[in-house]
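Per chain, numbering begins at 1; letters A, B, ... match sequence-line order.
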Amino acid sequence: MDPTKDQLIGLYKTMQTIRLFEERIVDLYARGEVPGLAHLYIGEEAVAAGVCAVLTDEDYITSTHRGHGHVIAKGTGLDPMMAELFGKKTGCCKGKGGSMHIADMDKGILGANGIAGGGLPIAIGAAWSAKWRKTNQVAACFFGDDASSNGTFHESMNLASLHKLPVVFVCENNGYGISVCQAKCTLINDVASRAVAYDMPGVVVDGNNVVEVYEAAAKAVKRARAGEGPTLIECKTYRWRGHHEGDPNQGARYRTKEEINTWKEKCPIKQFKKKLLKDRIATKKQLETIDKEISQAISDAVAFAQESEFPAVEEMYEDIYVELGEAQ
Amino acid sequence: MDPTKDQLIGLYKTMQTIRLFEERIVDLYARGEVPGLAHLYIGEEAVAAGVCAVLTDEDYITSTHRGHGHVIAKGTGLDPMMAELFGKKTGCCKGKGGSMHIADMDKGILGANGIAGGGLPIAIGAAWSAKWRKTNQVAACFFGDDASSNGTFHESMNLASLHKLPVVFVCENNGYGISVCQAKCTLINDVASRAVAYDMPGVVVDGNNVVEVYEAAAKAVKRARAGEGPTLIECKTYRWRGHHEGDPNQGARYRTKEEINTWKEKCPIKQFKKKLLKDRIATKKQLETIDKEISQAISDAVAFAQESEFPAVEEMYEDIYVELGEAQ
Amino acid sequence: MREITYCDALNEALRQCMVEDERIVVLGEDIGCYGGIFQVTKGLLDEFGPDRIVDTPISEAGFIGACVGAALTGMRPVAEIMFIDFTTVCMDMIVNQMAKMHYMFGGKGCVPMVLRTNIGAGRGTAAQHSQSFHSFFAHIPGLVVAAPSSPYEAKGLLTEAIKNDNPVIFVEHKRLYTTKGPVPEESYRIPFGKAEIKREGADVTIVATHALVGAALEAAEEAANDDIDVEVIDPRTLSPLDKETILSSIQKTGRLLVADEDNKTCGFAAEISAIVAEEAIFYLKAPIIRNASPDTPVPFSPPLEKAYMFGKEVLMDSVRRLMAYA
Amino acid sequence: MREITYCDALNEALRQCMVEDERIVVLGEDIGCYGGIFQVTKGLLDEFGPDRIVDTPISEAGFIGACVGAALTGMRPVAEIMFIDFTTVCMDMIVNQMAKMHYMFGGKGCVPMVLRTNIGAGRGTAAQHSQSFHSFFAHIPGLVVAAPSSPYEAKGLLTEAIKNDNPVIFVEHKRLYTTKGPVPEESYRIPFGKAEIKREGADVTIVATHALVGAALEAAEEAANDDIDVEVIDPRTLSPLDKETILSSIQKTGRLLVADEDNKTCGFAAEISAIVAEEAIFYLKAPIIRNASPDTPVPFSPPLEKAYMFGKEVLMDSVRRLMAYA
Ligand SMILES: Cc1ncc(C[n+]2csc(CCOP(=O)(O)OP(=O)(O)O)c2C)c(N)n1
Ligand SMILES: Cc1ncc(C[n+]2csc(CCOP(=O)(O)OP(=O)(O)O)c2C)c(N)n1
Ligand SMILES: [Mg+2]
Ligand SMILES: [Mg+2]
């Protein structure tokens, strides 16, 4: 299940798109153009990229409050995504959802989620649905290490294993909740070790190594499609920035500069770039071209978002209910 | 940690009291004297008896909807208990709680609980309280096999292990929720195997063998008092009667007569009686005397309950809030 | 017309819908061979098999959330929560997910699921199995809240709930399960947001829900003996709410009694009262009376529980008090 | 008097109570070195150590239930739920355990705990971090619901909440955290169930909660320019509720506006309206107006969120509408 050359380039593109997108948000947020809470994914790109690379457009994902990476990796266009972050009518959710609720039904993205642990039951429902409808679709469920302390983790893992649902649980273990480190949340080292409690395979992978993530995900997805049930994949990684932009603590109260720097050295993109060059998958120049194209696409998305209109005030009252007679 | 002779006789008394009490309820319920839902403990007596025998009056328990056994074993008088089941003013809860909410703060009984899995967080809170107050108290937490599918199981197990709380988790695995058998609830065989997910010891015992339960509980309590943290004990047992009295299904729709009979042969009291006689701990006559005394005490309790008054209607509006100025 | 029970009417609605539409699955505790704690799903396991009639462990957040995910992706799940008291263990899935997704997603994606549950005291099951906090769901935008008062409403509203694309909290009533009434054999839908005037009258309007609709009709009969002409309105859905029918009744009668079994404070009765105080106050000849459950947990003891509940007598007394105003 | 922020007033109440009483412990997410998401617990970890200031994982049902168990057994826990939206994940522990134990146990045992949380939109955090469903807790018998509107109330009510033997849902308001006001340095308690008349007036009564108390006072100032004399009442606790103060104000003014940030349907504003429609209707010269949040999830987009919220202008408009009735 090794990725092909094209797939490797694809992984690079996805990671770099996430990175540059998020870096642009840093700037936009600082300038007050993006309202609300933007929880950035910088440093964790390999997880979303590796997992979503093995999914099709028909497959589902549930995401988290830190959802930009998942949404980009699953294939939502940058224009509607950026517009959503600006709260514009052209956004994926017409501006009503914002960063924590980006959804894209066409791409199987069942929503970022403001409730930590909220996505797990929804993911198993999507997987169950695929099983009921016999479609061969798979659902991947992203959640954080701290979210795994929510009771929904237990209930969802158990139901998924019991009914052999085609779901892949992806725990993004970045070592922290907001400020609370893993050792203050649980005595165990590996969330994946909890899989045995559900008679489910559990694996730990280097979440900063996109190929490792890809391979583990490919195996889990294969298992899921074969009707053999769920897998729990724990990806060890790190978030570089504060819990969200504008977080007054920006991490300083609960973690050291050294810790942050050690992880920056393990940058998933830098590592992967090196590998691509070493293995002669791509040349430096090719990668630079890709980077430029991405930057341009992001600039275009920002322009699109800026030029888009805000929804009209009356739209606040729309979409609360599906109108009767609307198509099923 | 073998029980002494006196302790063995004590265990017999407790089990037999529960059994005869519950059998009386069968009769009273059929005659319409006990309202509501009475979930009987017949067949599972060894669990409550074995666990509570190693607790002091200062220790805490949280109980379940199937709570009579726990409450008797922890030492509440039969009079106030029976009166509560009748809804009388002399009941432990002045008739306001009934079977599913019997509590006795003087005996550390923090309530039966109508919510399956509801007692777990409360138990860890009592244990945490003992730790904060440095009292050396322990909390034992009873819950059913099906209740272990509730998210509160996960959250409570994790918090207890993390903070090394003096709590003993006692899973009463009788193989069923109401009608749903364990195999329809989870793929795993032993709930105790989930303890590893919290870095906690987990043991399976024969829940119909009161000495085995006693010894496992004694070990767990010792560990808890020593500040070494919680233990999960799973007691395999069986309920003889329907989910509750008046249950129209009385078990026939979801389990076979053979199954029920096999378990009746493994009756915890019959087994233990045999042992007591064989080991010459007690004579047949002594046990008969004990049985008679218990029967008498139960009859007295019924008389007490029957003669007691119902609360006055105005009392409905009392005890919603603690009055200001009431002692803290 | 043939008469069947409220319970059987619900069962028939489920069965007819399931035959028609494969996307419908039913999840809940003891809904399989046990037939549901109140026997609403009796026989469905045999007819539709364990893939579509799924007994669940005690994992309400898990399976209600799963219904949300399944509904979003092409299924039409119907879940049973054994008592409304237990919706508290899956409240996030209801309030933050099921209710809000369509809105948060900007109108894309919908959650066509039904969460069936029940309210009501009177069975000696005390504070955690007897509650009636259905008003809370009416308080949460995005949810439809259905409140069937008879077998006829039970079948028609449940059929609508299943076929409707919105998430529905379907609030049954324990004491009604065994009541009988006329119910058509064929499938039919009662539209949401249309109140039914169960009895016309000119002197007093009673807006009643669930079992209190029956009590209100009895009170109306009794009042008729005293020449008091009572109009009884059953909103049928608390959300959406048919305000118009209520307001025009008030314009006629000028007297309002609201009868609902939820706790009084901030309950559904308060909402009806407040709407009328806001939009039709000058038609009123009398204060607005609310007959609701007292603001106490439900007591176990039979005489207390009896005092907790109320029916025709209490309504009659309120009607008389209203008629004291000219 | 010295002026401090609402946030610092809460912090001071916690600190002073903790110094006095060892039984007080604080639990919640990020309340330790982070100081709480809104900085209410800032510095407490350093002063009281990690045994008493306990950072928890995302296990709200677990730790709120633990607070219930600890409170029952001699502790006085204060828990923080980061946003009221998240009370849904521990709703069983609140509604079925914390609220009902004292009653279910026949008055034996009590649950002296405080659950601090906050409401309010306006921070661009959309539908799952901006809700205001505090009315639901007022709907549940057995809970005290405190609603501080200023730094002074914040400190006094929190001190009372901690020292009181009842379970308290302590509902703070996001937009108030940074507002300043005079607060005595010494510890003091504001009793539950006593409304405060924030401004006397003869023409219109505004019953306002939380941030809307300030808005009502501004509206009153503006109205005074038009010779409209507005009385502003802050209930301070929604449960217990000081009905008397409200009813006697109505007897004087005959006009009622209720301003509360919860959704309109079945919210706290409905309750106040219903009480007056039931007990003082004949004093009314005008319909009762409710200014409440619209019945929609909170939208993200800045202009929509702005339209969702309301303040002085909307209140002023309502006051004028009320004054149109002679
Ligand atoms: C049920 C719930 N409790 C608390 C929060 C507040 N909160 C938002 S993110 C977060 C930490 C999440 O940590 P983790 O799951 O590890 O994800 P990460 O932020 O590290 O990606 C918390 C506590 C929430 N959103 N939902
Ligand atoms: C949260 C919740 N869901 C559902 C129920 C309904 N219910 C009561 S007892 C029960 C089965 C409990 O099974 P188990 O925990 O194994 O205990 P047992 O009855 O076997 O002793 C169920 C589903 C409940 N009380 N609480
Ligand atoms: Mg994390
Ligand atoms: Mg069981």
Side-chain angles (χ1 to χ4, degrees), chain A residues 34-38 65 84-89 91 93-101 113-118 143-153 176-182 184-186 243-244 247-249 252-255 309-320, chain D residues 28-39 41-43 45-46 50 53-63 65 82-83 85-90 92-93 121-131 263 265 293-309:
Chain A
V34 174
L37 298 177
H65 57 288
E84 188 59 33
L85 299 186
F86 277 71
K88 297 297 178 77
K89 191 175 162 55
C93 307
K94 297 191 207 152
K96 287 182 176 170
S99 171
M100 280 195 285
H101 307 291
N113 207 311
I115 305 298
F143 59 98
D145 48 300
D146 199 5
S148 77
S149 300
N150 186 325
T152 53
F153 170 86
Y176 290 87
I178 296 179
S179 69
V180 185
C181 65
Q182 196 187 332
K184 283 192 197 163
C185 288
T186 180
H243 179 64
H244 55 75
D247 175 356
N249 282 286
R253 291 200 198 161
Y254 53 89
R255 48 187 205 178
E309 300 207 343
F310 283 112
V313 163
E314 309 79 64
E315 292 182 46
M316 178 166 80
Y317 300 99
E318 294 168 9
D319 303 321
I320 306 171
Chain D
E29 286 146 19
D30 305 289
I31 59 156
C33 63
Y34 200 91
I37 200 86
F38 291 105
Q39 302 296 299
T41 55
K42 199 166 98 184
L45 176 65
D46 287 341
I53 304 293
V54 184
D55 266 329
T56 64
I58 299 178
S59 302
E60 285 87 354
F63 77 78
M82 207 178 275
F83 296 94
D85 314 67
F86 308 160
T87 59
T88 53
V89 299
C90 51
D92 171 59
M93 289 297 141
R123 290 166 40 93
T125 52
Q128 294 174 336
H129 285 68
S130 311
Q131 289 170 89
N263 300 327
T265 295
S293 290
D295 288 318
T296 102
V298 181
F300 167 70
S301 185
L304 299 197
E305 189 183 30
K306 200 163 159 250
Y308 179 93
M309 299 194 295

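Top candidate by heavy-atom pairs under 4.5 Å with chain D, chosen from A:Gly118, A:Ala116, A:Ala147, A:Gly97, is A:Gly97. Taking A:Lys96, A:Lys184, A:Lys88 one by one and counting their heavy-atom pairs under 4.5 Å with chain D, the maximum is reached by A:Lys96. Of the listed residues (D:Gln128, D:Arg123, D:Lys306), the greatest number of heavy-atom pairs within a distance under 4.5 Å of chain A belongs to D:Gln128. When each of A:Val180, A:Ile320, A:Ile178 is checked for heavy-atom pairs under 4.5 Å with chain D, A:Ile178 comes out on top.
Looking at every heavy atom in both residues, D:Ser59 comes nearest to A:Ser149 through OG-O, 2.9 Å. Between A:Phe310 and A:Gly87, the shortest heavy-atom distance links the atoms CD2-O, 3.3 Å. When all heavy atoms are compared, the tightest approach of A:Asp247 to A:His243 is OD2-N, 3.1 Å.
A donor atom on one side chain and an acceptor atom on the other are not found under 3.5 Å apart for D:Asn263 and D:Thr265.
Using cut-offs of 30° and 60° for the angle between ring planes, the A:Tyr254 and A:Tyr176 rings count as tilted.
Residue contact with chain A, scored on non-hydrogen atoms closer than 4.5 Å, is absent for D:Thr88. At a 4.5 Å heavy-atom cutoff, the contact between D:Ala307 and chain A is made by backbone and side-chain atoms alike. In this structure, chain D has heavy atoms under 4.5 Å from both the backbone and the side chain of A:Asn113. For a residue to count as touching a neighbouring chain, one of its non-hydrogen atoms must lie under 4.5 Å from one of that chain's; by this rule A:Phe86 touches chain D with the backbone only. D:Tyr308 touches chain A through backbone and side chain together, each having a heavy atom under 4.5 Å away. In this structure, the portion of D:Val89 lying under 4.5 Å from any heavy atom of chain A is its side chain and not its backbone.
Each of A:Glu84, A:Glu315, A:Glu314, A:Glu309 was checked for a salt bridge (Lys or Arg N to Asp or Glu O under 4.0 Å) with A:Lys89, and the lone residue meeting it is A:Glu315.
Using a cut-off of 4.0 Å between Lys/Arg side-chain N and Asp/Glu carboxylate O, A:Lys94 and A:Glu318 are scored as not salt-bridged.
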